[in-house]
Amino acid sequence: MVLDSKELSLQVIYDNLVLNPQTTRGWGFSCLIRTSRESILFDTGAKGSILLGNMKAMEIDPRSIDLVVLSHYHGDHTGGMDGFLEKNRDVTVYIPASFSRGFTDRVLASGASVVPVTEAMEITHGCFSTGEMGKAVKEQALVLDTDKGLVIITGCAHPGFMEVVAHVRCISDKNIFLALGGFHLESRSRFEIEKVLGYFHRQDIRYVSPGHCTGPLAEEMFKLEFGSRYIPMGTGRVIRLSEFV
Ligand SMILES: [Zn+2]
Ligand SMILES: [Zn+2]
């Protein structure tokens, strides 16, 4: 099923920067994806209190969330999980199969269901996981198949953004409409970031919304390169796909 972009929104709940002054910043990442059928929480940030506080400020009822997808085991993406499960345990949680047994058991003990992910899979209508990528830090990214093209959402992109896209290409060869999330370029040189930018061009990625671990230099370079196709990221940000052409 291809997702209708008119009914698709992305809400940034957790990030290092604040866009809506009613929300609080924190090191980590979390984004809510709303489709016509479901609400999917991608990552939970580091602290349950900030995650739930920002949800309240953004008028997101945690009980309205159906599915949770965790990108990788780092605490700045999974730390808010316990706090979230106290509000809503009626969810299915998709986690990389390499997560520790202890973490999985804790989620199961709350009453939530767990689906361990290894290979690329369709999580729900039009919404895919790349499957586990990388070696040192195993990570999954989310891919939405929309009528405007693919939307890629990354937690930290530890395996590198090029590797992420290589996995996305196993799912679909459609145009990439938007790439959003942490691009993990914080410690990279200007030269290395230019190489990544060149790759974004070759892949013809239309919009970018880098945040979290992308780093100030890379964010500045993306902003210069993409101009009006750069969507500033921060807590409280709501991206309605219908507003972008
Ligand atoms: Zn990480
Ligand atoms: Zn991170």
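Both counts, for ligands and for their atoms, begin at 1 and track the order of listing. The residues of the chain are indexed from 1 along the displayed sequence.
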Look at the N, O or S atoms of [X], main chain and side chain alike, and state whether any lies under 2.8 Å from the Zn ion (ligand 2).
| X | result |
| --- | --- |
| His212 | yes |
| Cys213 | no |
| His184 | no |

Problem set entry | Atom name in His72, limited to N/O/S, at shortest distance from the Zn ion (ligand 1) |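 Considering only N, O and S atoms, His72 comes nearest to the Zn ion (ligand 1) through NE2.
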Return the orientation label for the [X] and [Y] ring planes: parallel under 30°, perpendicular over 60°, tilted otherwise.
| X | Y | result |
| --- | --- | --- |
| Phe99 | Tyr73 | perpendicular |
| His77 | His72 | tilted |
| Trp27 | His212 | tilted |

For this session: Using the Zn ion (ligand 1) as the apex, give the angle to atoms ND1 (His74) and NE2 (His158), rounded to 10 degrees.
Result: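 Between ND1 of His74 and NE2 of His158, the angle at the Zn ion (ligand 1) is about 90°.
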Problem set entry | same_hphob_cluster(Ile65, Leu51) at 4.5 Å side-chain heavy-atom cutoff |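 Per the 4.5 Å side-chain linkage, Ile65 and Leu51 are co-clustered.
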Exercise. Once rounded to 10 degrees, what value does the angle at the Zn ion (ligand 2) take between SG (Cys156) and NE2 (His77)?
Worked result: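 Output for this angle: 90°, rounded to tens.
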Problem set entry | Over 12 foreign heavy atoms within 6.0 Å of CG, Asn175 |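 More than 12 heavy atoms, drawn from other residues, nucleotides or ligands, come within 6.0 Å of this atom.
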Exercise. Testing Phe222, Tyr199, Phe183 for ring-ring contact (aromatic ring centres under 6.0 Å, His included) with Phe161, which one passes?
Worked result: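 When ring-ring contact (aromatic ring centres under 6.0 Å, His included) is applied between Phe161 and each of Phe222, Tyr199, Phe183, only Phe183 qualifies.
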For this session: Restricting to N/O/S, name the atom of Asp76 that gets closest to the Zn ion (ligand 2).
Result: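 Closest N, O or S atom of Asp76 to the Zn ion (ligand 2): OD2.
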